[in-house]
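A short worksheet on the structure shown next.
Quick caveat: nothing in here was measured; it's all calculated off a predicted structure. Basis for what follows: all heavy atoms, side chains included, without hydrogens, waters or symmetry-related copies.
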Amino acid sequence: MDNILKYLERTAERFPDKTAVDDGTVQFTYQELLDKARHFGLSFLDKTMPGKPVAILREKSSEVLAAMFGIVYAGCFYVMIDPEQPLERLKDILSVLKTDLVLTDSTYKNQLEDAGYQGEIYLLDQERTEASLTEQDVEKLMERRSTVDSTDLLYGIFTSGSTGKPKCVAVSQQAVIDFIGHFTKQFEITDKDRIANQAPFDFDVSVKDIYSAITTGATLVLVPKRLFSLPPRLLDYLCDKKVTVMVWAVSALCLISSLKGLKYKIPEDARIIMFSGEVMPVKQMRLWQQALPQTKFINLYGPSEITCNCTWYPVEREFQDGEVIPAGRAFNGRTVFLLDETGAEITESGKTGEICVAGESLADGYYHNEEETARRFVTGAVPGETGNTRFYRTGDLGYFGEDENLYFAGRKDFQIKHMGHRIELEEIERAFEKLDGVSRCCCLFDTKRNKLLGFYTGDMDEKEVHQELKRFLPIYMIPAKIRRIEEMPLNKNGKIDRKYLAQEWN
C-alpha cells in the first residue's frame, strides 16, 4: 500500500547514518528520524482515532518533524499551528479541527487551556526514556501503519477565511507524492543537496523542503526564526551549513537583499534559489542575480489548494524596472487555464481571466467546510480533457503572454498576498468589527507601498484600535496605517467606495 511513510523508510534504509534534519541545535540521522517517528507513533495510537487531525502548537524543530511523521504512523494527519496566534484565532482553528489531541510543550500549554481546549495535551518537552521498540510494539505500530493509504490526508494548513474564520486546506498523501516527484526531478534535487528551510511548518512552502529531502535523501537544514532579525547571522548560518537549495518566500529573500546583506556575505554554495508567495520586485531580483551569477533562480506560483505550486519560471536574464517576472508554465501533471466572467475559457494572449488549475495534487478541499469546498473546487470542462473534470478556481487573475508564459495580474476578490501570507481582507475587517468602539470599517492593500491600510468609523482612538487588533490577528495582518474617518464614502451602488479611500490615502 503506497504512502508517504514508504519514502521515509526507503531513504532511512539507503542512508541510515546521513543527517536527515538539522535545526541548528538538534540533528537526526535518517535512521534516528525514523526511530523517533515510530516511537511517537506508538505513543499516539491510543490517544486518538485513525483519520483524525492532530494539531502541533510549537515552533518547527527536528523533534517536531519526527512528531509529524509519528502522527502519520498513527494513521492521522497533522496540522501545524503557529504558537504566536492570537487567542481568538486559536479558538477558531480548534473549533474547525475538533481534534482530541494536541502536541505542544510546557511554554504553550496555558494557551490551549485559555482557548478552552478540552482534549488531550501531549507535552513534547516532557522527559522520556525511549527504549528500543519491542517486537510487540513494532507489531502493534505496523498493524496501524498497514492501514495508511496514499488517499489519506497528510496535513492541513490554515489560510485566511472570507467569513472571518480561517479555513483548513486538507491535502492528501498522494497529492504530495505526485507533486514532489515532479518537483525533485525538474530541479534535480538529490541526496547531495542541503535544503535550507526558511518557512515555518504551518506555511506550505515548507512542504517542498520536507518532502524533497525525505524522498531524495537530501539534508533538511532548518533555519531558526530568530536569525531573520539578524541578516548577518542568517548569512553566516547559510554559509556555515553549506546550503545548496533555497525554496523561500519572496519577503524573506528581500529581507536580506534590501538590508544590504549580500554585501556582507554570499551563500555561494546555493546552486538553485526558488521563490514564491508574492511578486518578486525586479530590483531585489537583480541584487541576488548579481551576487550569485552562477545560481539558478526560479519563480514559483500556486496556492495551497493545489499542493504548493502549479507553474514555474526560470529567471535567466536581468529584468528591468517596470517589467514583470512571469509565473511561467505548468508543472507536469497540471493543467493551468483561464476563465472569463461567463465561465468560458480564454485562449488569446494578453486577455485577463481567473486562473484555474486541474490535474494532479488538488487538495481534498477545506476541512469541515463543505460549502466553501463546493464553491472553489468545481467540476466542469477542462482544456485537453473529455467530459467534466474537477478543478480549482484560484481567485487569482492572470493572462498568457505571447511567449506562452502565465503572468499574475492580481486578485479577483479582496484576497491579497502580504509578507508571504495569503490574507483575506474581509477577515481583517471582521476583526475591526469585533471592537466595541468601531461601527464600520474597510481594509485596503496599497500594492505600491506593500502596506495594509485600515479605515474605520467610531469613537475608539487609532492607537487603541491598533492595540486591540492584536487580540484577534497575527502581526502580519494588522494594518500598518489605521485611520479614523467621520463616515464611510459610498459609490453609486451603495457600497463602500474603496477607490475613493485609496485616493484619499494618497
Fit a plane to each ring of [X] and [Y], take the angle between them on a 0 to 90° scale, and name the class: parallel (under 30°), tilted (30 to 60°) or perpendicular (over 60°).
X	Y	answer
Tyr122	Phe44	perpendicular
Tyr301	Phe408	tilted
Phe331	Phe183	tilted
Phe203	His421	parallel

Quick one: does [X]'s side chain get under 4.5 Å of [Y]'s, heavy atoms only?
X	Y	answer
Ser276	Asn309	yes
Val207	Val171	no
Ile56	Met68	yes

Do [Y] and [X] meet the salt-bridge criterion of a basic N to acidic O distance under 4.0 Å?
X	Y	value
Lys434	Glu429	no
Arg375	Glu372	yes
Arg440	Glu433	no
Arg89	Asp92	no
Arg376	Glu305	no
Asp236	Lys265	yes
Glu143	Lys140	no
Glu462	Arg484	no

Could you tell me whether the side chains of [X] and [Y] share a donor-acceptor contact shorter than 3.5 Å?
X	Y	result
Ser106	Asp125	yes
Arg58	Tyr108	no
Ser257	Gln284	yes
Thr244	Asp193	yes
Asp209	Ser206	no

| message | By the definition salt bridge (charged side-chain N to carboxylate O under 4.0 Å, His left out), identify the one residue from Lys52, Lys47, Lys109 that meets it with Glu120. | response |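 It is Lys47, the one option of Lys52, Lys47, Lys109 that forms the salt bridge (charged side-chain N to carboxylate O under 4.0 Å, His left out) with Glu120.
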| said: Given the ring of Tyr30, does Lys18 sit roughly above its face, with NZ or CZ under 6.0 Å from the centre of the six-membered ring and within 45° of the axis? | reply: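 No - Lys18 does not lie over the ring of Tyr30 by the 6.0 Å and 45° rule.
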